[in-house]
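Throughout, a chain's letter reflects where its sequence line sits, starting with A, and its residues are numbered from 1. Nothing here was measured: the structure is a model prediction, and the numbers come from that model. These values consider heavy atoms only, across backbone and side chains, with no hydrogens, waters or symmetry-generated copies.
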Amino acid sequence: MAGNQSQNNQPNKSTLEEIRANRIEKVQQIKDLGLNPYAYKWEVSHYAQLLQEKYAELPDGEEVADEVSVAGRIMARRVFGKLAFFELQDETGKIQLYLDKKKINSTMSDLTGAFNHLKKLSDTGDILGVKGTLKRTEKGELSIYVREFAILTKSLLPLPDKWHGLTDTEKRYRQRYVDLIVNPQVRNTFRIRAKITAGIRRYLEQRDFLEIESPVLQSEAGGAEARPFITYHNTLEMDLYLRIATELHLKRLIVGGFDKVFELGRIFRNEGVSTRHNPEFTMIEVYQAYADYNDMMALTEDLISSVAQEVLGTTKVTYQAEEIDLTPPWRRVTMQQIVQETTGINFAQFDNFETAKSAAKEAGIEVPEDCKTIGKLLNEAFEQKVEESLIQPTFIIDYPIEISPLAKPHRNKPGLVERFELFIVGRETANSFSELTDPLDQRERLEAQAAKKEAGDVEAHDVDEDFLAALEYGMPPTGGLGIGIDRLVMLLTDSPSIRDVIAFPLLKSQSVAVKSFDYDAEKQILKIEFNNGSIYKYLDVPESIYKELKETPSVGKYFNSHIKDKFGFDREV
RNA sequence: GGGAAUGUAACUCAAUUAGGCAGAGUAGCUGGCUUUUAACCAGCAAGUUGUGGGUUCGAUUCCCACCAUUCCCA
């Protein structure tokens with residue numbers, strides 16, 4: 001540090017740190033002028049988009065005396081000696097600011113050299129409030145002829161490249177706020193998402209459905225086959241699960257006498273991450289008493305097409321260059337029939353599994369270990385050979401009973417249940433049954449699940465006795481429906497990945513380096529402090545590990561391969 | 001869990017084929033400029049080449065491990 005700071009009295013650096021320091025210096029200069037770089041309030045009279053529309057007919061070079069006040073972020077600066085053009089972006093769009101030195105200095109005479117201060121102290125990224133009149137420049141750009149300005153928030157960090165924007169996918173997800181600033185279509189995606197969920201709620205409320213919130217923290221996860229997140233309640237000293245479905249609680253409400261209920265909310269499944277899966281995602285479940293799955297098909301069709309019409313103004317959408325027609329009615333076909341169409345195998349004809357299995361293998365279907373019934377085989381054939389070809393909205397109906405533990409047996413097809421799934425662009429988008437209301441049948445099926453859990457299936461769950469008790473009080477015939485909101489939003493916003501429709505998708509935390517470590521030989525506890533400040537105590541760590549950790553040239557590498565995931569730990573900080 | 005690709009300045013990208021001083025544009029800083037639209041002109045500054053090892057006189061480049069991301073598969 002000491003020796004080499006003599007010659008350059010003011011080195012012009014532009015690392016991120018230097019840019020930031022420079023802007024902090026500007027914050028101070030703004031304060032020194034008696035102004036607040038972090039203002040409290042700005043009275044906005046118009047949004048940019050509205051002005052663009054309202055003054056669309058204003059001819060080039062003409063002005064109008066209408067006073068407006070706008071606020072937004074400076075996205076671009078084109079500065080001349082005594083004139084400057086800024087591009088201001090608010091939530092709705094952009095508008096140019098026409099900043100004339102003479103005008104500003106005369107109307108803001110309280111602040112000497114106001115124009116030069118703006119030139120020197122503002123940067124792209126700052127939030128600026130301006131008042132002025134409207135003027136279309138000679139080059140044809142609608143502008144605000146600024147009379148008065150205020151820097152409302154000083155930005156300390158530079159925006160991404162003004163032309164290329166932010167394209168690094170990881171940064172877009174990790175720093176969504178920057179993505180939103182510079183990529184208008186991302187803002188639009190989330191605007192549409194909000195309209196979709198609002199539209200769904202409005203649709204259901206108009207039909208007398210009641211939205212009731214069920215618990216996220218549950219003592220037993222149920223209602224789906226999925227691995228749950230487990231958490232812990234300290235004062236109650238109990239494990240709790242984050243819900244994997246809202247099904248079992250919404251059905252309790254049907255038992256309680258509500259005929260039409262729904263919940264649109266967050267579901268958590270402790271599973272992998274992909275373009276179609278996020279560990280927390282949004283689902284709506286709808287239950288209607290005295291209805292069956294045929295009614296739910298009609299509801300699904302009408303709900304989705306109505307919302308598409310309302311939000312996009314059409315029921316014909318383009319998804320990844322493919323035309324999808326959501327205009328009802330949608331095709332309805334049984335699973336058995338569409339598998340037969342595609343593979344030529346009629347699974348209804350089999351009465352023994354081995355014959356069915358060899359037929360399936362002949363058709364190129366892979367038969368996994370745990371697939372031991374004709375019903376499961378049919379489902380395998382469907383998933384492997386049919387599913388991804390279902391591009392246009394299609395209801396697949398009448399599922400095997402083995403894979404549908406909460407659905408009512410089909411009224412006239414033995415071995416099947418009254419269930420449908422909706423497929424659009426090859427993806428499961430909705431799932432629905434005539435709900436099982438027979439408490440004894442339900443008990444048997446849940447106990448079979450519990451046996452699977454006992455045998456080590458992490459996606460199976462214990463019997464929810466309270467739910468069964470509810471059923472024993474008697475649940476009316478009920479149609480139930482679940483729709484994956486994220487997938488629906490993907491479809492309606494033409495988004496290829498679920499992460500594009502989730503504002504803050506889950507990403508792995510960037511690994512942190514080991515800062516220091518310490519070993520308690522008596523208790524065999526290895527305490528590790530990481531660079532991010534967290535401290536972990538690894539338990540029952542043999543001394544040899546500690547010694548090797550001390551010796552190793554790369555602590556991080558040794559930690560990853562020999563300690564992390566190998567020992568139990570308590571997190572201290 | 002397996003495979004492929006990627007990671008270089010704050011942002012967008014070169015240089016890696018066959019190891020030889022890491023280079024542009026944008027953003028930034030200084031100066032100039034009253035009609036710009038990715039403004040322009042002159043100058044300046046800006047790098048732990050994801051991390052840690054190895055090979056080598058010399059590594060962004062070759063090898064190994066690890067981290068993260070993207071896509072595909074399970």
Under 4.0 Å between a side-chain N/O of [X] and OP1 or OP2 of [N], yes or no?
X        : N     : answer
A:Asn22  : B:C29 : yes
A:Arg174 : B:U69 : yes
A:Thr275 : B:C72 : yes

Which residues in residues 50-63 of chain A have a heavy atom closer than 4.0 Å to any atom of RNA chain B?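 Residues of residues 50-63 of chain A under 4.0 Å from RNA chain B: none.
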At a heavy-atom distance below 4.0 Å, what parts of residues 81-107 of chain A sit against RNA chain B?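 Hits under 4.0 Å, by residue number: A:Gly81, A:Lys82, A:Leu83, A:Phe85, A:Gln96, A:Tyr98, A:Asp100, A:Lys102.
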Pairing residues for [X] by the side chain to side chain contact (heavy atoms under 4.5 Å, CB included) criterion, not counting sequence neighbours:
X        : result
A:Gln320 : A:Asp494, A:Pro496
A:Arg172 : A:Leu166, A:Arg176, A:Asp179, A:Asn183, A:Val186, A:Asp500
A:Thr231 : A:Leu217, A:Leu240, A:Leu242

Listed partners of [X] passing salt bridge (charged side-chain N to carboxylate O under 4.0 Å, His left out), at least two apart:
X        : result
A:Glu383 : none
A:Arg266 : A:Glu280
A:Lys26  : A:Asp123

Might you list the N or O atoms of the protein lying below 3.5 Å from N or O atoms in nucleotides 10-12 of chain B, with each pair's distance?
unit_1: B:C11; atom_1: OP1; unit_2: A:Lys171; atom_2: NZ; d: 2.7
unit_1: B:C11; atom_1: O2'; unit_2: A:Asp161; atom_2: N; d: 2.9
unit_1: B:C11; atom_1: O2'; unit_2: A:Gly165; atom_2: O; d: 2.9
unit_1: B:C11; atom_1: O2; unit_2: A:Asp161; atom_2: OD2; d: 3.2
unit_1: B:U12; atom_1: OP1; unit_2: A:Thr167; atom_2: N; d: 3.2
unit_1: B:U12; atom_1: OP1; unit_2: A:Thr167; atom_2: OG1; d: 3.4
unit_1: B:U12; atom_1: OP1; unit_2: A:Asp168; atom_2: N; d: 3.1

Report which part of the nucleic acid A:Lys26 touches: base, sugar-phosphate, or nothing (heavy-atom distance under 4.0 Å, all strands).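 Sugar-phosphate only.
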Pair partner, B:A10 [Watson-Crick or wobble, under 3.5 Å]: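 Pair assignment: B:A10 / B:U26.
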Go through the structure and list residues passing side-chain hydrogen bond (donor to acceptor under 3.5 Å, both in side chains) with A:Ser122, not counting sequence neighbours.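 For A:Ser122, the residues satisfying side-chain hydrogen bond (donor to acceptor under 3.5 Å, both in side chains) (neighbours in sequence not counted) are A:Arg77.
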Mind jotting down which residue pairs meet the salt bridge (charged side-chain N to carboxylate O under 4.0 Å, His left out) criterion with at least one end in residues 52-63 of chain A? Sequence neighbours excluded, please.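 Salt bridge (charged side-chain N to carboxylate O under 4.0 Å, His left out) check on residues 52-63 of chain A returns A:Glu63-A:Lys135.
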Spacing between A:Asp123 atom CG and B:U26 atom P, to the nearest angstrom: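 Atom CG in A:Asp123 sits about 17 Å away from atom P in B:U26.
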Mind listing the side-chain donor-acceptor pairs of residues 362-375 of chain A below 3.5 Å, one per line with the distance, residues two or more places apart or on another chain?
unit_1: A:Thr373; atom_1: OG1; unit_2: A:Lys376; atom_2: N; d: 3.1
unit_1: A:Thr373; atom_1: OG1; unit_2: A:Glu402; atom_2: OE2; d: 2.6

